[in-house]
Amino acid sequence: MSRSIIVNLLRFILVIFIQVCLLKNINVYSLTTPYIYILFILLLPFETPNILLFPLAFVTGLIIDSFYDTPGLHAAACVLLAFVRILFISITVQKDGFDNEPEPTLSIMGFRWFFTYSLTLTLFHHFFLFNLEAFSISQFQYTLSRFLLSSVFTVFLILISGLLFFRRKERK
Amino acid sequence: MRNLGIFIRKYSAFFLFLIFEVFSLVIYVKYNSFQKATFINSANQVTGAWYTRTNDFYTYLSLKETNDSLARENVRLRNQLKSSFYVDTVDKHKVKDTVYKQQYEYLVAKVINNSTNNSNNYLTINIGSKQGIAKGMGVICSQGIVGKVVYVSDHFSVVQSLLHKDSQFSAMLATNKEIGYVEWGDDMDPHKGVMKDVSNNALPKLGEWVVTSGYSLFPEGIPIGKVSNLRTRTGGYSLNMEITFAVDFGKLQFVDVVNNKFANEQADLEAQRKKNE
């Protein structure tokens with residue numbers, strides 16, 4: 001349990017660091033902006049209680065907001081992400097099938113599940129984020145292209161990070 | 001009541017979602033309508049300090065480019081500087097007086113090259129023949145005489161300073177009008193000169209002003225220096241005395257070129273006399 005907390009705390013710091021220092025500067029033709037920080041929320045353990053999950057998502061979003069100068073924007077998207085995550089997990093995973101504090105990582109859950117999981121959640125998060133940011137339907141095409149390209153980029157990065165920390169022995 | 005508890009617990013995710021979503025949307029809408037009045041932005045101390053630090057780092061990385069651009073900008077600005085332009089128009093201050101016919105005209109010039117520590121010192125000024133400078137004109141400044149023009153180009157002139165072995169200017173003592181001439185001293189001190197060939201009955205006093213006589217390029221009465229030491233070493237028909245120059249030649253900035261309008265007429269006349277002799 002304490003190991004899980006430390007691992008998640010480290011991941012939290014690392015992910016925000018990468019997002020703020022590295023990815024904030026990446027902006028390909030002002031279309032794709034990867035938001036890798038959602039990885040923290042994606043990789044929280046399955047057994048994180050809802051009462052903890054939502055504040056964590058909210059705080060993560062707020063911290064990112066404080067760096068992006070968009071108060072509430074990422075927080076709202078992250079809270080939606082947490083909700084979608086709960087729905088997705090409740091649909092696809094049987095909770096009593098695990099023994100010791102499992103996490104929804106690539107090495108534990110397998111590529112197909114993890115890909116679907118990250119893709120779905122990223123799409124929800126990014127769609128909500130970009131539309132809330134634009135806050136108008138007039139530029140919908142532009143917003144849509146931003147959303148799609150950024151989603152591809154983010155999922156790509158998430159999968160790379162999953163492969164980077166792939167541990168074969170954990171695989172069931 | 002118990003059923004309500006069960007209901008809330010069963011759909012806790014949804015209710016929590018609603019609470020946090022509404023909260024963050026309220027923040028979003030509120031703070032984006034009052035963009036500035038926010039504490040969750042980079043004006044925030046923590047993120048501000050963080051950005052300052054990373055920015056320090058980034059600026060360090062781009063130091064070379066910054067240097068280059070600054071150097072370029074320096075050059076660009078220097079080209080716009082007043083001093084890099086050649087001033088085309090020259091101030092001529094004339095006195096309009098119908099009683100007097102103007103004899104001396106002054107042209108303001110800036111000293112752009114100067115020396116005091118050679119045995120023959122010259123200075124260059126930024127006006128030339130286009131502005132009406134001719135060879136042989138006198139040069140003065142606000143403190144006293146400086147020298148005479150020896151070389152002229154279109155836009156520049158070279159002035160042979162008083163600190164020159166060949167410079168000799170007609171001078172007189174200010175009080176009793178005794179004539180002599182002034183030249184630079186032998187010991188090459190840029191502040192000291194010698195006044196020579198003053199008649200024996202002049203009775204000069206220490207601290208007396210030595211001024212131009214009006215027999216040379218300059219108007220009468222322009223200061224040259226003060227008598228600082230009386231030497232009667234030669235002991236003949238004339239007196240020699242040491243004078244301290246009024247002009248600090250090392251600090252010359254602006255000088256006036258004296259245009260004696262009757263100089264040619266005078267020279268022609270004197271040349272006739274020489275021819276006849």
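Throughout, protein chains are lettered first and strands after them, A, B, ... in sequence-line order, and every chain is numbered starting at 1.
If you measure heavy-atom distances from A:C78 to chain B, you find no contacts under 4.5 Å at all. Using a 4.5 Å cut-off between heavy atoms, B:F14 touches chain A through backbone and side chain atoms alike. With a 4.5 angstrom heavy-atom cutoff, A:L53 does not touch chain B via any of its atoms.
A distance of 10.0 Å separates CG of B:L16 from CZ of A:F83, quoted to the nearest 0.5 Å. Atom CZ of B:F20 and atom CG of A:L56 lie 9.0 Å apart (nearest 0.5 Å).
In this pair, A:F54 and B:F17 present their aromatic rings tilted. The plane angle is within the 30 to 60° band.
Here the side chain of B:Y28 pairs a donor or acceptor atom with the backbone of A:L132 at under 3.5 angstrom. Checked by atom type and distance alone, the side chain of B:E21 pairs as donor or acceptor with a backbone atom of A:L80 at under 3.5 Å.
Put simply, of A:A77, A:A75, A:A82, A:P49, the one with the most heavy-atom pairs under 4.5 Å next to chain B is A:A75. Looking only at heavy-atom pairs under 4.5 Å with chain B, the residue among A:P55, A:C21, A:A57 that has the most is A:P55.
The environment of CG in B:L70 is crowded: more than 12 heavy-atom neighbours from other residues, nucleotides or ligands sit within 6.0 Å. For CZ of B:F23, the number of neighbouring non-hydrogen atoms (other residues, nucleotides, ligands) closer than 6.0 Å is 12 at most.
Taking every heavy atom of both residues into account, A:P71 and B:I27 meet most closely at C-CG2, 3.8 Å.
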